[in-house]
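Worksheet: one structure, shown below.
What you see is a predicted model; the values in this text were computed from it and never measured. Lettering of chains follows the sequences in order, A, B, ..., and the numbering in each one begins at 1.
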Amino acid sequence: MLFTSIAKLVALLGLAAYSAAVTDPGPRKTSVLVVFDPELISTPQDLVSKFSLDQERYELGFLEYSNNQILLVHNEKPVFDHVVYMPSVKKSPAAKSVTEKQKLLEYLNAGGNILAVGSVENSVPESVVKFLNEVGIYPAPKGHSLRSFFDKEISLSEENLASSKIVSQLAVPLYEGSAALISNSELLFPIVKAARLSFSANSQIDALTGDKTWTNGEQGFLAVGFQALNNARAAWVGSLDLVSQELVEWVFQEKKVLKLQFTEHYKRDEPEVNDRTLYRIKDEVAYSVGVSELKNDAWVPYTPASEDDVLQLSFKMLDPYHRLNLTLVGAKASSENGPVDTSVFAVNFTIPDHHGMFTFELDYMREGLSYLSDKKIVAVRHLANDEYERSWDITNSWVYITSAAVVVVAWLLFVANFLFLGEGSVKRVQKEKKEEKKE
Amino acid sequence: MAKKDVAAKKASAAFAARPDLDAATARKPVKSSSPISKSINDVVAAVNTTYTNYLKALTPRLKLIDSFLVFLVALGVLQFVYVLLVGNFPFNAFLGGFISCVGQFVLTVSLRMQYALATQSEESKGEDSPFPTITPERALGDFVFASLVLHFIVFHFIN
């Protein structure tokens with residue numbers, strides 16, 4: 001009875017979140033579903049402070065793994081903005097509708113964010129692990145914990161941060177949890193890696209052999225982020241201790257979220273004609289994009305954090321003929337009379353001496369940031385018949401023109417002389433020859 | 001006196017010629033052993049014969065044609081050297097200039113063949129001539145017409 005009442009409450013909360021989004025233009029409340037096992041977590045309300053989930057910002061719903069009455073996706077839209085999976089004692093709990101791999105993929109494809117939390121003894125349900133395997137994260141099986149022969153307890157320091165793009169600091173003195181192997185997918189962002197001398201194996205086995213360990217040394221990862229091509233985010237952490245506010249904000253799309261406001265290209269001679277579809281070879285072209293970043297629920301101009309995060313433009317026809325770094329030229333408002341919320345990045349270049357169908361391609365995939373991609377196809381024509389330089393404009397060809405003219409003059413002189421010499425002279429020569437013969 | 005002088009001259013000439021003879025006899029085995037020098041001598045002799053024959057057959061008009069041909073070859077070579085040194089950037093202009101030389105050369109050579117044969121065949125009444133029906137006037141007319149076409153095309157090609 002309690003479960004069904006919770007389920008109803010959650011469904012109501014979901015609806016409330018949507019209606020709030022429609023009526024209130026201010027910072028939107030997002031809905032979070034936390035799926036947990038009451039055998040492990042008796043008072044789920046404790047998680048609220050753990051996750052630093054502010055009740056004013058989130059519509060919270062709690063669901064037990066035994067409840068099978070909640071849908072993640074309805075009408076191809078996610079019912080909840082974010083789902084958190086806590087560890088479960090049972091490998092395959094009753095809540096099939098929220099734990100099945102296919103359902104989770106559907107949810108991710110619809111744009112929902114997923115956070116899965118492991119622990120020393122228990123893992124998330126097997127079907128959720130299968131979903132994690134699908135995106136390239138392979139958490140250690142149930143009972144495998146991260147251990148080391150050199151330290152009784154494993155401590156994590158800044159050295160264990162695989163990358164500081166998503167989580168900038170670690171506040172976990174002692175780590176108790178599991179580790180995961182990851183694939184080499186480009187959509188995965190390792191966050192925390194295991195210590196060099198650690199390994200993960202079943203804690204009940206003392207005699208350690210190669211095939212009893214799941215990860216060895218830095219091969220193992222304790223926290224991994226994933227961002228799908230539709231910018232939906234997922235993360236797996238090996239222990240509840242690793243769940244920090246930074247990580248939650250990243251997974252729940254509250255930071256490192258970018259928006260492409262506009263892209264435009266024009267000929268530098270005629271800046272008033274935007275996004276023309278026809279260019280000529282060797283035209284001088286300007287290309288610019290506007291990008292906003294989400295900060296504290298507001299769009300602000302985006303500034304790349306480092307050199308590596310520079311935006312790039314490819315001008316390509318099968319192969320990129322140009323791949324250029326865009327430079328930040330300033331900020332402007334994305335709408336008229338609106339706040340200044342967009343950074344403008346631009347580059348000028350010359351269209352290559354090659355005609356065909358070209359694409360202005362912006363493909364921005366940087367660690368931890370939303371992916372931006374934009375393609376604009378244009379035709380590049382060759383020079384028209386009357387656009388070529390005349391020969392006499394090219395100094396090199398003066399030699400050849402002179403030569404051809406000299407040939408003509410010489411030919412005229414030749415013909416004139418030829419006629420002037422006349423038959424008489426020929427006859428005279430012939431006469432001389434005849435005289436010679438007679439002699 | 002005169003006879004004596006002549007005889008003395010002959011004798012001295014014969015005497016003077018002897019070392020030459022000796023030298024010639026001495027060289028003979030060498031000559032037979034190197035056929036290359038012999039063939040070179042043959043070639044030189046052939047060239048000399050050809051040259052004298054050419055000079056004999058030369059009329060003022062043929063001489064004019066030949067000097068025009070030499071001029072065209074020189075101009076063509078000059079352009080080719082220029083293109084090797086400077087590069088072939090306005091390639092159509094180079095082709096135009098070069099082809100005007102080559103084309104004019106070919107046309108002039110045709111004129112020379114037809115003209116020379118036509119005038120010869122006037123002498124020999126058209127025997128053995130490959131162009132029995134072509135008169136010198138016709139040959140010149142063809143030449144002028146073809147050259148005009150050539151120059152027209154060349155100047156359009158140079159653009």
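A ring-centre distance under 6.0 Å is found for Tyr400(A) and Tyr82(B). For Tyr115(B) and Phe418(A), the gap between ring centers is short of 6.0 Å.
Arg381(A) CZ: more than 12 foreign heavy atoms inside a 6.0 Å radius. Within a 6.0 Å radius of CZ in Phe145(B), no more than 12 heavy atoms belonging to other residues, nucleotides or ligands are found. Around CD of Glu270(A), the count of heavy atoms belonging to other residues, nucleotides or ligands within 6.0 Å exceeds 12. Counting non-hydrogen atoms of neighbouring residues, nucleotides and ligands closer than 6.0 angstrom, the CG atom of Leu318(A) reaches no more than 12 such neighbours. Counting heavy atoms of neighbouring residues, nucleotides and ligands inside a 6.0 Å radius, atom CD of Glu336(A) does not exceed 12 of them. Residue Leu84(B) places its CG atom among more than 12 non-hydrogen atoms of other residues, nucleotides or ligands, all under 6.0 Å distant. Other residues, nucleotides and ligands contribute only 12 or fewer heavy atoms inside 6.0 Å of the CD atom of Glu186(A).
Among all heavy-atom pairs drawn from Pro90(B) and Ile394(A), the shortest one is CG-CG2, 3.8 Å. For the pair Asn396(A) and Gly87(B), the tightest heavy-atom approach, listed with the atom from each and the gap, is ND2-O, 4.4 Å. Taking each heavy atom of Gly97(B) and Ser403(A) in turn, the nearest pair found is O-OG, 3.9 Å.
A donor-acceptor distance shorter than 3.5 angstrom exists from the side chain of Ser391(A) to the backbone of Ile158(B), with no hydrogens or angles considered.
With chain A as the partner, the residue from Ile65(B), Leu72(B), Leu78(B), Leu95(B) showing the most heavy-atom pairs under 4.5 Å is Ile65(B).
Thr108(B) has its side chain within reach of Phe414(A): a pair of non-hydrogen atoms, C-beta onward, lies under 4.5 Å apart. Taking 4.5 Å as the limit, some side-chain heavy atom of Leu419(A) sits within range of a side-chain heavy atom of Leu140(B).
The contact between Val408(A) and chain B is made by backbone and side chain atoms together, counting heavy-atom distances below 4.5 Å. Neither the backbone nor the side chain of Ile99(B) comes within less than 4.5 Å of any heavy atom in chain A. With a 4.5 Å cut-off on non-hydrogen atoms, Phe98(B) does not touch chain A at all. With a 4.5 angstrom heavy-atom cutoff, Leu75(B) touches chain A only via side-chain atoms. For Val144(B), the parts lying near chain A are the backbone and the side chain together; criterion is any non-hydrogen pair under 4.5 Å. Only the side chain of Phe68(B) comes within contact range of chain A, with at least one heavy atom under 4.5 Å from a heavy atom of that chain. Heavy atoms closer than 4.5 Å to chain A are found nowhere in Phe91(B), neither backbone nor side chain.
Distance check: Ser67(B) OG to Asn417(A) CG gives 8.5 Å after rounding to the nearest 0.5 Å.
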